Amino acid sequence: MLLVLLVTSFIVFGMMYLAPGSPLAFVLGPRGGTPEQVAAVTAQYHFDDPFLVRYFRWLGDIFQGNLGRSIVYRQDVTALMSGRIGTTAALVSLSAVLIAVVGVSSGLLAALKSRWVDTVISTIAAVGLSTPVFVIGVALISIFAVGLGWFPTFGVGSGGFDTLVHLTLPAIALAVASAAYLARITKAAVNEERTREHVQTAVVRGLASNVIVRRHVLRNALIPITTVMGLTVATLIAGAVVVENVFALDGLGSLLVRAILQRDFSVVQAVILVLVVAFVVVNAVVDFLYTVIDPRIALGSRQ
Amino acid sequence: MSSRKIVTSAAVLAAAALALSACAGPNNKPDAAKPAPDLSNLATTTPRGTEAVDHVAWNLPYEPLSLDPMIGYNYAENTVTANLCESLMRLTPNLAIEPGLAESVKSPDATTLVYRIRTGVTFWDGSPLTADDVAFSLSRQTGDAVAYFSDYFRNVKSVAVTGEREVTVKLSKPDVLFEQGMAMAAGAIVQKKAAEASGKAFGTPEGKLQCTGPFSLAKWTPGKSIELNKNPKYWDSKLVPLVKNLSFSFIADESTAVNALRSGDIDGQYFYLPPAGISQLEQSDKVTLTHGKSLVFWTLAATSESGPFANPKVREALSLAIDRNALAKVVFQDAAIPAPTLVGPDYWGYEKDAFAKAHAGFSTAPNIERAKQLLAEVGPQEGTIVLGVQGSSAVHEQTANLFQAAGAALGLKVETKVIPVEQFGNLYFDPAARKGIDGFFTTYYGNFADPLDVYQIFRAGGNSNYINWNDASDVLNKAVSAKDTKERAQLLIEAQKMVTEANPRIPLAYEPNTVVQNKRISGATASFSYLYYPWAATIGGVK
């Protein structure tokens, strides 16, 4: 994991270094400054130092537990991120629950119930997959926030239940496409399991159909479902930018995109660091879940 | 999949598409009954609310980068600091200047200004405002310090405490920009003790701001909100707030902001460009929308010193081919005034008749014949004109389209280059960022009602004089030192003629200020002075 972090941070730092532009505008103000001021600021923030010098200075700070300061916001990166991590975590976990519940159950329905149910669910899934997330977001706001007044239009609320209410619409908007995808995966996996020999044997032996589904179909189908679920959640963390923007939630995703465009090096690096850690953790959880679902898979095995 | 299934799926999809387009329908319908807003008589205030209000939720187009007035020079920053930190002078809603934290200012000679500090003013922490605080707040912006308002401090030689309640500023030459600049954020006074204790963190969520305004800073949660509380000990009885708590959110997405205003989740917002959903706000029965006097204008700044666009005649031809009335009507949805010169009527803080007479000599009507004639004089033009356009901005893109169309009509090749909003700011001072483009669109504003504050950018060596167009430099330098308003007006009218003919910046439209308020409140300042005047102090509940 350390190696992964080191390599990603180096690549990101390198790409930021090569890309044109600088955060000078945010230090000097919208009307710019005199050439003397530009020179003074450049020296102060070491903008002119060679790439490796800057990279290792940053790395050294990290090892001392110092994520650095944001040039643009003139704050410690830690302070900048601490408020936003909570927002992102709440939003992503809420949509993960939605994706899991809606995706798996509708996939199951599509696979097991009548053909009509399958058609309806598949169509909804197709619409969900192909509708851009900002369209869903704006539509949700127009209908449920402005029209019906059930939910607030923006923001994260003041914690607890209030936050849950505030995050409902964004979580739905964020979950639609992934839930649709997961429904398709679930349907395919369940259909595949149903044609397997041991399932047919069970059917022939006259076992109750709900027992067959639970013990023999779903349990085996859960492996691909969990894999997709894990990958989806990991990408949601950084991929929530559009939803964050539409619902005016300032999470890690928007912070990252803004920092990249503003060339705010230390913020970009810190957010990437957090994302990589989150990715690794989610994958570890998925690996652990495999062993629970299928005891034949041991942690650390190659299966 | 059976063929029947495909058909049913397609039918459902088609139905869904229909439903979606039906949703979008009403907004696209042109509303013939809607009258164009009357921009000939722009407001300065909105009717003052009379009831006490517990909480008002306001929105900013983005999160401020800092609340230290010295490094706050943009819409969101100044919208907040205007209520927190007061200046030596005060820019009133009708854009006049009156005494602020200085109860009087005397000028014993042309290069000396003596500010007499008001008594009975306290910071939020209860400590009294002293001459030391004033001298500190000004001195920290002089010299090579990273101060956003260095243009106004260019001629400041020294700032000194010369009496218990007296601060004296010595100038190297008379400077009317400095004098008037003391009415905006450049003249904002902060507490010396607090600023020194916080150092670089002053004005960030970590560093405690300390000022004297009608509201005090209660809490800044990064990424979420800024909370202000009423300052119960505020010195000016005319401006004691009726609002107990004023909070700012940072909704950047315009359609979300418009929806939040319509649903009542936020109570108000200032717009410097009309939002795409302005018609939804006009039709909403939840909000009132007011257009106010403004110093903001829309312009194309020339940046190339070579190529066709470096030729003033080519710029003039292109300018003549632009239909500014159509621009104001279509691009700005009727919420802008066609601009024949860079500064508009709201800038005429003195000698109004003289400025009005000069202004009447310029026209906004397109004149293609004259444009073609000009191009014939300069001969065929090689190369293309590349215009910098800010990403994801409809106003930028649509204006660029007009220029492309005008270029095509005249036989000039006009191309656009899209620059992300976060990098657009680099164009203002980084010559490397301007490489490869011949001009870029920008909103610009002077800070007080004096045409000089706009035209001064064309002084030789000015930061924003991108093409080093110095023809008017001498006249403008004279105007900076002209304390007599009549003389200054004559100099500026002369400079205006040169600027308008040479087009180092092509004037396009004056942008009135737009303020939207929920009907439960009223009183927010309607004019441009909301950037420097405590606009929320007059807000109150409506019965």
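Note that the structure is a prediction, hence the values are computed from the model and not measured. Just so it is clear, the values below take in all heavy atoms, side chains as well, and ignore hydrogens, waters and symmetry mates.
- Looking at A/R84, the atoms closer than 4.5 Å to chain B (heavy atoms on both sides) all sit in the side chain, from C-beta outward.
- Contact count against chain A (heavy-atom pairs under 4.5 Å) is highest for B/D253 among B/D253, B/T221, B/D151.
- Here the two rings, on B/Y445 and B/Y75, have centers that are under 6.0 Å apart.
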List the atom pairs, donor and acceptor, that lie under 3.5 Å between side-chain atoms in residues 65-72 of chain B and the rest of the protein, sequence neighbours left out.
unit_1	atom_1	unit_2	atom_2	d
B/S66	OG	B/D68	N	3.1
B/D68	OD1	B/M70	N	3.1
B/D68	OD1	B/R140	NH2	2.7
B/D68	OD2	B/R140	NH1	3.1

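- Only the side chain of B/S255 comes within less than 4.5 Å of a heavy atom in chain A; its backbone stays farther off.
- Of the listed residues (B/G264, B/G223, B/S263), the greatest number of heavy-atom pairs within a distance under 4.5 Å of chain A belongs to B/G223.
- For an aromatic pair to be called close, the ring centres must be under 6.0 Å apart, and B/F250 with A/F154 fails this.
- Neither the backbone nor the side chain of B/A433 comes within less than 4.5 Å of any heavy atom of chain A.
- Here A/F247 and A/F151 keep their ring centres 6.0 angstrom or further from each other.
- Heavy-atom pairs under 4.5 Å with chain B were tallied for A/V120, A/D250, A/I141; the largest tally goes to A/D250.
- The pair A/D118-A/K187 meets the salt-bridge criterion, since a charged nitrogen lies less than 4.0 angstrom from a carboxylate oxygen.
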